[in-house]
Structure formats: C-alpha cells, structure tokens
Amino acid sequence: MPTITAKPKIALVIGSTRAARFADVPAQWMLKQAKAREDMEVELLDLRDFNLPFFDEVASNAFVPSESPEAVRWQQTLARFDGFIFVVAEYNHSLTGALKNALDHAYKEWGRKPFTAIGYGGVGAARAIEQLRLIGIELQMVSTHAAVHIGGSDFFTIFPAVGNQPMETIEKNLLPSVKTSLDELVWWAKATMAARAEAA
Ligand SMILES: Cc1cc2nc3c(=O)[nH]c(=O)nc-3n(C[C@H](O)[C@H](O)[C@H](O)COP(=O)(O)O)c2cc1C
C-alpha cells in the first residue's frame, strides 16, 4: 500500500440553496473548526455556485458521460477532493432535494471517498443524515460513524425565529462530536487515498 503524505483535501458542501437558508451559520462555523486542524485542507463548496439542472441525463455518469456542462463542471470539482463534510438541513425527515440532485449528478467522483456531516433541525437532522448514509452506500462512499447534530434546545437557541444566538453559545456541546467526526474523516480519507493510489 503506498504511503500517503499529502493532507486530504476536504470539501464542505452546503446542501441547502434557498435564498432564506440558515445553512450558512452552521456551515461557516464548521468550516472554521475544520480549518483549525493541521491534518486536512478544507474548502467550501456551495451548491448555489453550481447551476445544476434537475437530473435529466440518459444515465448516471457511472455509465454514460453527462451532457450538462454544469454537471461536468460539478463532477470535475468533486474529483479534486478526497472527502466531504455535508452540511445537512432536514426537509420532511430527509435531505434537501438540492443535495439529492447534486449527489445524483456525479458517481465516480464520490466513490471510494469518505464523508461526515453536520446536521441541524429539531433532531439535529439525524433522519436526513441516516438517509444520506444510505445514498452514500450506493455511491460507494464510506460514512463516518460520528456526525455533528445541532438539535433540540441547541437548535432553537441559534435558530433566528427562536433564540437567534450565535453558534458560540452552544459550541461546547458540539466540539466533542466535531473532533470525533473529523478524526474519523481523516482516518478514512488517508486509508482510501492510499487504496485508490494502489488501485491506480
Ligand atoms: C420544506 C421544509 C421541511 C422541513 N422539514 C423539517 C423536518 O422534517 N425536520 C426538521 O427538523 N426541520 C424541518 N424543517 C425546518 C428546518 O429545519 C429549517 O427550516 C432549517 O432552517 C432548514 O435549513 P435551511 O434554512 O438551511 O434550508 C423544514 C423546513 C422546510 C422548508
């Protein structure tokens, strides 16, 4: 197995695109936590910066190259990364349509790479993140065991319509799961980077 010395390149993917989204608050906070680490390079990947159409290809790009230039740009962007942190909103107990569509718009570029997640909502988007993990299996991704869940009173403390407090008010409740999630992400990123290099 080749020894990998490069730091894993990690994309933090914002999964909500609506104009009034709350996602930026947890996303920016999580970006700061990831950037503070020495063992990864992290970049923000905002689905708003990709004008992805509703999936309308003849097949997944696992089988047929995509025709949409924006889908190809999305795939080329994903290919640069070794792992992902998804920022997950929960819509009707699942992930957003925008994130599902973005997941469907690539295949090879997700595969054999790990992901973790930070979710927010009444139950910390636990149901949405579980669904994301099922999708990840089909995309040949590996999920961390841990994730960061901003739920219950923590969520309502920071949610604008209720408490509207800054993330720092609740961060002591989140930092242990941030550390575990990112530790696991780096472990899997290094393992899969080495395995991909060997396969290549
Ligand atoms: C269509 C829709 C469905 C929602 N369903 C849920 C839900 O199932 N569970 C939950 O905890 N919050 C739910 N919410 C509330 C969201 O947690 C809250 O609106 C959050 O701000 C959404 O993330 P965003 O603002 O980044 O898009 C829902 C919101 C919308 C707009």
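In listed order, ligands and their atoms are each counted from 1.
- Backbone and side-chain nitrogen or oxygen atoms of Arg21 are examined, and none is located within less than 3.5 angstrom of a nitrogen or oxygen of ligand 1.
- Residues Ser177 and His149 form no side-chain contact, since every pair of their non-hydrogen atoms from C-beta on lies 4.5 Å or further apart.
- Residue nearest to atom 3 (C) of ligand 1, selected from Ile150, Asn92, Ile14: Asn92 (by heavy-atom distance).
- In terms of protein heavy atoms, atom 21 (O) of ligand 1 is closest to Phe159 CE1, 3.3 Å.
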Residue pair Glu90, Arg127: steps toward the salt bridge (Lys or Arg N to Asp or Glu O under 4.0 Å) verdict: CA-CA 7 Å; Glu90 186 170 277; Arg127 295 164 294 218; 2.6 Å; yes

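- Summary of contacts: the protein heavy atom closest to atom 22 (C) of ligand 1 is Tyr91 CE1, 3.7 Å.
- Shown here is Glu138, whose CD atom has no more than 12 heavy atoms of other residues, nucleotides or ligands within 6.0 Å.
- At a threshold of 4.0 Å, the pair Asp82-Arg196 counts as salt-bridged, since one of the basic side-chain nitrogens sits closer than that to a carboxylate oxygen.
- Between Ala23 and ligand 1, at least one N/O pair is under 3.5 Å apart.
- The distance from ligand 1 to the heavy atoms of Phe22 drops below 4.0 Å at these ligand atoms: 21 (O), 24 (P), 25 (O), 26 (O).
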ring-ring contact (aromatic ring centres under 6.0 Å, His included) evaluation trace for Phe84 with Trp110: CA-CA 9 Å; Phe84 303 92; Trp110 296 120; 4.9 Å; yes

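- Salt-bridge formation is not detected for the pair Lys172/Asp154: no Lys NZ or Arg NE/NH1/NH2 atom is positioned less than 4.0 Å from an Asp or Glu carboxylate oxygen.
- At the shortest separation from atom 19 (O) of ligand 1 among protein heavy atoms lies Arg18 NH2, 3.7 Å.
- The pair Arg73-Asp49 does not count as a salt bridge, with every side-chain nitrogen at least 4.0 angstrom from each carboxylate oxygen.
- Per-residue contacts place Tyr120 under 4.0 angstrom from the following atoms of ligand 1 (heavy atoms of the residue considered): 23 (O), 24 (P), 26 (O).
- Closest to atom 8 (O) of ligand 1 among all protein heavy atoms lies His93 N, 2.8 Å.
- Leu95 is listed as a side-chain neighbour of Ile135, based on a closest heavy-atom distance under 4.5 Å.
- What sits closest to atom 13 (C) of ligand 1 on the protein, heavy atoms only, is Glu90 O, 3.0 Å.
- When hydrogens are left out, the protein atom nearest atom 11 (O) of ligand 1 is Gly122 N, 2.8 Å; that is the closest non-hydrogen contact.
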